[in-house]
Amino acid sequence: MPEFLQAALLGFVQGLTEFLPVSSSGHLVLFQALLGQDFSFADSPLVFDLVLHMGTLLPVLLYYRRDLLGLLAALGGRSSEETREARRLIGLLVLATLPTGLMGALLKDSFERVFHEPMAVFIALGLTGLLLASTRWAPRRDLVLGVPIALALGVAQGLAITPGVSRSGTTIAVGLWLGLDRVTAARFSFLMSIPAILGAMLLTAKDVASVDAARLPMMGLGFCVAATSGYFALAWLVRLVRSGRFWAFAGYLIPLSLLGLLALT
């Protein structure tokens, strides 16, 4: 497969699956395994993943730009009910980032080494599907987002370093089970993803210098495709969460997991 098609395909997969609750890392592992020896970025896969994650950061910044501008304004604004609530949200995002950052720094290599094989990815995809299916019966309590829930969501996000475990799927599902309303669960999940993606980018940035300059145009193509497909995927998922049909993605993940496991045995 030509290199530009590989870059575009993997960018599309990353953008679509970063926000849909089907695990972008798991799908990238499977697609790279399918490409095998023909995978053109095999000499710099971490940097290529970094570029694709940069592409999927852009849709979050655009989609939640009003929230982010409000949070920035609250840092220097006069005290009011609105600014106090915004500062409270900032504090909760920081708290949620702490367990995610610790788990990413201490466990990322171990998790990816253990779960990077297609068999383990298919198992993780099946578990993600079961978690999504369970949200159909999650209680509707509409609790206020507080410190315990923020920390629990940070831990859930940290577990999503495992290829095959969806970050958005896990955090939104846990948020729903903990009693958050659908809009708050989705909003906090994607706002949490900003420092998580930035942290992953920092951990991989040291490898950028070793990339062949000739690969940069193809990586730029992957970035653009990931950003474009990611924005539409994000908007679609938010609508599905609000409609209460978040669980429907289990209908994709569970059959995919079973078919994959059957194919490998």
Novice: Where do Thr162 and Leu159 come nearest, in terms of heavy atoms and distance?
Specialist: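 Shortest heavy-atom separation between Thr162 and Leu159 comes out as OG1-O, 3.0 Å.
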Novice: Kindly write out the residues that satisfy ring pair (Phe, Tyr, Trp, His ring centres under 6.0 Å) with Phe232, not counting sequence neighbours, or none if the list is empty.
Specialist: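 Ring pair (Phe, Tyr, Trp, His ring centres under 6.0 Å) list for Phe232, sorted by chain: empty.
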Novice: Check side chain to side chain contact (heavy atoms under 4.5 Å, CB included) between Thr135 and all other residues, then give those that pass, not counting sequence neighbours.
Specialist: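 Applying side chain to side chain contact (heavy atoms under 4.5 Å, CB included) to Thr135 gives Ala173, Leu176, Trp177, Phe246, Trp247.
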Novice: For residues 149-156, run the donor-acceptor check on the side chains, cut-off 3.5 Å, and write out each pair with its distance to 0.1 Å, sequence neighbours left out.
Specialist:
none

Novice: Can you tell me how far CZ of Arg88 sits from CG of Leu71, rounded to the nearest 0.5 angstrom?
Specialist: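 Between atom CG of Leu71 and atom CZ of Arg88 there are 12.5 Å.
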Novice: Using side chain to side chain contact (heavy atoms under 4.5 Å, CB included) as the criterion, list what pairs up with Ile123, not counting sequence neighbours.
Specialist: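 Per chain and number, Ile123 pairs via side chain to side chain contact (heavy atoms under 4.5 Å, CB included) with Met119, Leu127, Leu261.
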Novice: Quick test of your reading: applying salt bridge (Lys or Arg N to Asp or Glu O under 4.0 Å), list the pairs with at least one residue in residues 170-196, sequence neighbours left out, ordered by first then second residue.
Specialist: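 Every salt bridge (Lys or Arg N to Asp or Glu O under 4.0 Å) pair that includes a residue of residues 170-196, provided the two are not neighbours, is Asp67-Arg187.
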Novice: Flag the pair Thr171 / Met192 as yes when at least one side-chain heavy-atom distance between them is below 4.5 Å, and no otherwise.
Specialist: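 Counting from C-beta outward, Thr171 and Met192 do come under 4.5 Å.
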Novice: Donor-acceptor pairs under 3.5 angstrom involving side-chain atoms of residues 248-257: please list them, not counting sequence neighbours.
Specialist:
| from | atom 1 | to | atom 2 | distance (Å) |
| --- | --- | --- | --- | --- |
| Tyr252 | OH | His27 | NE2 | 2.8 |
| Ser257 | OG | Phe122 | O | 2.6 |

Novice: What residues form a side chain to side chain contact (heavy atoms under 4.5 Å, CB included) with Ser23, not counting sequence neighbours?
Specialist: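 Ser25, Leu125, Ser166.
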Novice: Using the ring pair (Phe, Tyr, Trp, His ring centres under 6.0 Å) criterion, which residues pair with Phe190? Sequence neighbours excluded.
Specialist: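 Testing Phe190 for ring pair (Phe, Tyr, Trp, His ring centres under 6.0 Å), a comparison that skips the adjacent residues, returns Phe19.
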Novice: For Tyr63, which residues count as a side chain to side chain contact (heavy atoms under 4.5 Å, CB included) partner, sequence neighbours excluded?
Specialist: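 Checked Tyr63 against side chain to side chain contact (heavy atoms under 4.5 Å, CB included); matches are Tyr231, Leu234, Ala235, Val238.
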Novice: Is there side-chain contact between Val183 and Arg242, with heavy atoms separated by less than 4.5 Å?
Specialist: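 Side chain of Val183 against side chain of Arg242, heavy atoms only: contact under 4.5 Å found.
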Novice: Can Leu131 be reached from Val121 by stepping across I, L, V, M, F, W or Y side chains whose heavy atoms are under 4.5 Å apart?
Specialist: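 No, because Val121 and Leu131 fall into different hydrophobic clusters, even though each may have its own neighbours under 4.5 Å.
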Novice: Tell me the salt bridge (Lys or Arg N to Asp or Glu O under 4.0 Å) pairs involving residues 134-158, sequence neighbours left out?
Specialist: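 Not a single pair qualifies under salt bridge (Lys or Arg N to Asp or Glu O under 4.0 Å).
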Novice: Taking only residues two or more places apart in sequence, or in another chain, which ones meet Glu18 in a side chain to side chain donor-acceptor pair (under 3.5 Å)?
Specialist: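 Counting only residues at least two positions away or on another chain, Glu18 forms a side chain to side chain donor-acceptor pair (under 3.5 Å) with Gln14, Ser24.
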Novice: With sequence neighbours left out, write down each residue that passes salt bridge (charged side-chain N to carboxylate O under 4.0 Å, His left out) with Arg245, or none if nothing qualifies.
Specialist: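 Result, salt bridge (charged side-chain N to carboxylate O under 4.0 Å, His left out) vs Arg245: none returned.
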Novice: Are Leu62 and Val60 linked, directly or through intermediate hydrophobic residues, by side-chain heavy-atom contacts shorter than 4.5 Å (ILVMFWY only)?
Specialist: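 Same hydrophobic cluster.
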